[in-house]
**Q** 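Here it is, the structure in full.
In what follows, every heavy atom counts, from backbone to side chain, and hydrogens, waters and symmetry copies are set aside. Residue numbers start from 1 in every chain, and the chains themselves are labelled A, B, ... in the order their sequence lines are given, proteins ahead of strands. In this text, all values refer to a predicted model and were calculated from it rather than measured experimentally.
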Amino acid sequence: AQSVTQLGSHVSVSEGALVLLRCNYSSSVPPYLFWYVQYPNQGLQLLLKYTTGATLVKGINGFEAEFKKSETSFHLTKPSAHMSDAAEYFCAVSSYTGANSKLTFGKGITLSVRP
Amino acid sequence: EAGVAQSPRYKIIEKRQSVAFWCNPISGHATLYWYQQILGQGPKLLIQFQNNGVVDDSQLPKDRFSAERLKGVDSTLKIQPAKLEDSAVYLCASSLRFRGELFFGEGSRLTVL
């Protein structure tokens with residue numbers, strides 16, 4: 001079984017401030033980890049993913065995340081928030097077993113950016 | 001390259017009525033997924049197709065939900081009869097291959113009154 005925990009439902013930061021969105025996962029096998037962003041009335045867009053190799057992963061729009069196996073975490077960061085970053089962010093885990101490639105999502109975090 | 005197309009974008013029905021959602025994946029994508037996203041929650045996988053075969057439908061409420069993918073391309077998700085708790089956004093996603101990146105459509109928002 002696999003699961004994702006995203007603590008809190010809403011994060012608010014000032015424009016130019018650090019963005020930190022937390023994600024912890026549970027997986028019985030080596031996980032693949034993802035962060036997706038969802039703008040209002042739109043589908044989900046992949047920000048970045050970790051599969052194997054380097055644990056610091058860089059994505060689009062200046063976001064990055066670090067896989068920490070010992071902490072079972074995959075937190076998302078961005079050094080300087082922009083107004084256009086306001087959206088909902090979902091962390092997801094996938095553990096591939098046989099033909100099953102199910103992606104399990106967290107409940108999401110809404111990011112607000114104050115001028 | 002055209003993205004994943006879904007229709008209708010919005011649907012309002014009374015409980016016990018039926019509804020169908022359509023999805024056209026990105027051309028050539030073998031894997032297709034239907035997710036249910038209830039307000040305030042993350043998307044939950046309902047069913048996964050590989051070509052026109054079902055890989056995983058363990059979380060599909062089969063007493064009222066059905067899905068098919070004819071000829072391994074388009075897919076239809078049907079709910080009959082609908083319940084209030086089915087109010088959600090139904091997202092379709094596709095990937096080129098198993099373990100490939102998922103590309104999502106804009107979703108179909110269902111409101112059951």
**Q** Measuring from atom CG of A/Leu44 to atom CD of B/Gln37, what distance do you get when rounded to the nearest 0.5 angstrom?
**A** 6.0 Å

**Q** Heavy-atom pairs under 4.5 Å with chain B - which of A/Gln45, A/Gln38, A/Gln6 has more of them than the others?
**A** A/Gln38

**Q** Under a 4.5 Å cutoff for heavy-atom pairs, which residue among B/Gly105, B/Ala93, B/Gly40, B/Pro43 has the most contacts with chain A?
**A** B/Pro43

**Q** Should B/Tyr35 and A/Leu103 be marked as a side-chain contact (heavy atoms from CB on, under 4.5 Å) after you check the CA-CA gap, both sets of side-chain angles, and the distance that decides it?
**A** CA-CA 10 Å; B/Tyr35 281 83; A/Leu103 204 58; 3.2 Å; yes

**Q** With a 4.5 Å cut-off on side-chain heavy-atom distances among I, L, V, M, F, W and Y, is there a chain of contacts connecting A/Phe105 to B/Tyr90?
**A** no

**Q** A/Phe63 and A/Phe90: same hydrophobic cluster, using ILVMFWY side-chain contacts below 4.5 Å?
**A** no

**Q** What part of B/Gln6 gets within 4.5 angstrom of chain A, counting heavy atoms only: side chain, backbone, both, or neither?
**A** neither

**Q** Same cluster for B/Tyr10 and B/Phe104 if Ile/Leu/Val/Met/Phe/Trp/Tyr side chains link at under 4.5 Å?
**A** no

**Q** Testing the basics here: between A/Tyr36 and B/Leu102, what is the closest heavy-atom pair and its distance to 0.1 Å?
**A** OH-CB, 3.7 Å

**Q** Assess whether atom CG of B/Leu84 is packed by more than 12 heavy atoms of other residues, nucleotides or ligands within 6.0 Å.
**A** yes

**Q** Hydrophobic clustering (ILVMFWY, side-chain heavy atoms < 4.5 Å, transitive) - are A/Val37 and A/Leu76 grouped together?
**A** yes

**Q** Checking B/Arg9 side chain against A/Asn41 main chain: does a donor-acceptor pair fall under 3.5 Å?
**A** yes

